[in-house]
Amino acid sequence: MKIICIGRNYVKHIEELKNEIPDRPAVFLKPETALLIPGEDFHYPSFSKDIHHEVELVLEIGKHGSNIPNTEALKYISHITTGIDFTARDLQDYLKEKRLSWELSKAFDGAAAIGRFLPFSDFSKSANLNFSLDINGETVQRGNTSKMIFSFEKIISFVSTYFTLEPGDLIYTGTPEGVGPVKRGDVLTAYLEDFCLLELKII
Ligand code: ZN
């Protein structure tokens with residue numbers, strides 16, 4: 001099983017980090033050990049003082065495929081949920097400045113939180129889905145898939161040109177604006193439309 005993440009997929013988030021608008025999806029991987037499943041708390045790691053939340057929609061792949069055309073792509077998604085791409089922003093900034101891979105700042109233990117999965121077929125309008133993140137009951141990020149630069153179809157088609165997709169693979173589809181720090185004691189809850197799918201505590 002692999003965790004594929006798309007970076008820089010929402011224009012306003014690209015602007016807030018002062019990055020360039022990409023002509024192709026930015027792709028990175030997280031190992032399976034990064035997974036934080038429902039019921040687990042996020043342990044604030046010792047190597048960072050600036051862990052950021054990035055709420056994202058996460059797709060679960062339901063069948064094997066490579067070189068998947070746009071028109072077929074949605075058929076490969078079995079489930080959807082909300083997730084958090086935890087990022088050690090201080091470490092990422094340091095690595096970017098040194099022109100090194102940012103792997104360490106994104107792929108550490110617990111950095112890929114996922115919520116409870118719902119069948120993708122429950123959501124017919126995948127190009128118009130609302131999702132959001134609350135911290136201690138206050139909404140800090142709000143996204144809608146209509147604002148994505150690369151749609152679910154494009155993401156699946158693009159990544160499957162390079163990686164064979166297998167059942168159980170997860171794809172984090174990018175974060176909207178509003179990323180920011182978390183601290184010990186915070187309770188994070190993430191929503192897809194009206195469904196609260198993820199709840200975790202920072203410890
Ligand atoms: Zn992200």
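Numbers for residues simply follow the sequence, beginning at 1. Order of appearance sets the numbers: ligands from 1, and atoms from 1 within every ligand.
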Could you name each residue pair satisfying side-chain hydrogen bond (donor to acceptor under 3.5 Å, both in side chains) that touches residues 62-73, not counting sequence neighbours? E72-K75

Find the distance between CD (E138) and CG (D186) and round it off to the nearest 0.5 Å. 11.0 Å

So, using side chain to side chain contact (heavy atoms under 4.5 Å, CB included) as the criterion, who are the partners of Y94 when residues are at least two apart? K98

Hey, can you pull the donor-acceptor pairs under 3.5 Å for the side chains in residues 120-131, sequence neighbours left out?
| unit_1 | atom_1 | unit_2 | atom_2 | d |
| --- | --- | --- | --- | --- |
| N128 | OD1 | N144 | ND2 | 2.9 |
| N130 | OD1 | N144 | ND2 | 2.9 |

Excluding waters, which are neither shown nor counted, protein N/O/S atoms under 2.8 Å from the Zn ion (ligand 1) come to 3

Look at the side chain of T87 and the backbone N and O of R89, then say whether any donor-acceptor pair between them is shorter than 3.5 Å. no

Counting distance only, does the side-chain N/O of S157 pair as donor-acceptor with the main-chain N or O of P69 below 3.5 Å? no

